[in-house]
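Here is the structure we will look at, set down as structure tokens.
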Amino acid sequence: MDESTLSLVLFSGTDDKLNAAAVLTAGAAAMGRKVNIFLQYWALDAFRADRVHKDHGVAPEAGTEGLEAYQRHGATHWSEIFGQAKDIGDVAIHACSLSMEMFELKVEDLDPLVDGQEGVASFFMDVDGPVTFI
Amino acid sequence: MDESTLSLVLFSGTDDKLNAAAVLTAGAAAMGRKVNIFLQYWALDAFRADRVHKDHGVAPEAGTEGLEAYQRHGATHWSEIFGQAKDIGDVAIHACSLSMEMFELKVEDLDPLVDGQEGVASFFMDVDGPVTFI
Amino acid sequence: MDESTLSLVLFSGTDDKLNAAAVLTAGAAAMGRKVNIFLQYWALDAFRADRVHKDHGVAPEAGTEGLEAYQRHGATHWSEIFGQAKDIGDVAIHACSLSMEMFELKVEDLDPLVDGQEGVASFFMDVDGPVTFI
């Protein structure tokens, strides 16, 4: 058990990976760890206010059977799990400025789960050791 | 060089990523590090007793030439490399309870390489710093 | 803020992930952190001297709109960002011996950004805690 910050770079925007990231975030927050999240590329795109609840697909490797198991399971949506993690713990979510520029986005285009945007150097200011890339 | 536990979350179930994960596990175990593995989603599916040795494909980006190089190389199967890592070091492999539920699996459905199942909070009890997501 | 080495295992060879990896490397180097990079599989393939500048595609999840945003953005090529990171900081890039063997490559086949090859145990000699897998 450890009390260092868990730093997550979210890159992928499929629902299965975002769900896995949300579960890890909630697990870490429940154990009293601070979580520091940085949204890049397709993960950032998935956090747009008007896209959070659309279908973002799953990894191609899932196959038909895997996709059916995923859909049948009816898990809580990842955005709700991130919301719960923010309620119970110290979880910050920032958008990568470079990716914001790429998609021509403003902070108000994003879901309120996102606390703001920052550059990569600023993200690393709060990084305590390595980062987890998802 | 470091003696902290290497915590790996395995999410992907393609043979190339599982092979990379197995090689990192064996490398860390050989250096005397404890390895703590958590199987989610498609990686868990690949550890079913009746599926370990089936063809799980490689990442789509491999392309024809990459796939041929991979197959020609005839590397040791990832399940054997994980087995060797368990023989030489302290390597624990647990299935994520949520993913077990999603696939409606019981521990006896999994390959004996898997030591049991646990929830994400329990996994984080043994996490020493960040996690590596594969 | 932290001064430990950032250890990155690059597995994926698509341009979007290599770009994300390059930006993280530059960010860490700019904050004074040592960066230790290990090239496996498709990432190694992308560092061949004669392939660095070819089109390596993006993750399938990008979709048409995402790909257009990526191309329109005209970001600095990832190889240049890695070069800049090496100029400003302490960044080492090594090829995984097993992957070199798989692709039947010699060090002289690789871009000069690559400092040499090493085995996974040798890579872990310099690992300070966990690794980031991209």
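By convention in this document, chain letters (A, B, ...) are assigned in the order of the sequence lines, proteins followed by strands, and residues within each chain are numbered from 1.
By the 4.5 Å heavy-atom criterion applied to side chains, B/M31 and C/V127 are not counted as neighbours.
Distance check: C/F124 CZ to B/L24 CG gives 5.0 Å after rounding to the nearest 0.5 Å. Rounded to the nearest 0.5 Å, atoms NZ (B/K17) and CD (C/Q40) are 11.5 Å apart. With rounding to the nearest 0.5 Å, the separation of NE2 in B/H73 from OG in C/S99 is 7.5 Å.
The parts of C/L98 that come within reach of chain B are both its backbone and its side chain, each placing non-hydrogen atoms under 4.5 angstrom from that chain. Both the backbone and the side chain of B/I134 come within contact range of chain C, with heavy atoms under 4.5 Å apart. With a threshold of 4.5 angstrom between heavy atoms, B/A62 approaches chain C through its backbone and through its side chain.
The pair C/R51-B/E65 meets the salt-bridge criterion, since a charged nitrogen lies less than 4.0 angstrom from a carboxylate oxygen. Classification of C/E104 and B/R72 as a salt-bridged pair holds, one side-chain N sitting under 4.0 Å from a carboxylate O.
C/W42 approaches B/A59 most closely through the heavy-atom pair NE1-CB, 4.2 Å. When all heavy atoms of C/T14 and B/E61 are compared, the pair lying nearest together is N-OE2, 3.8 Å. Closest approach of B/F133 to C/F133, counting heavy atoms only: O-CB, 3.6 Å.
Here the side chain of B/T132 pairs a donor or acceptor atom with the backbone of C/V131 at under 3.5 angstrom.
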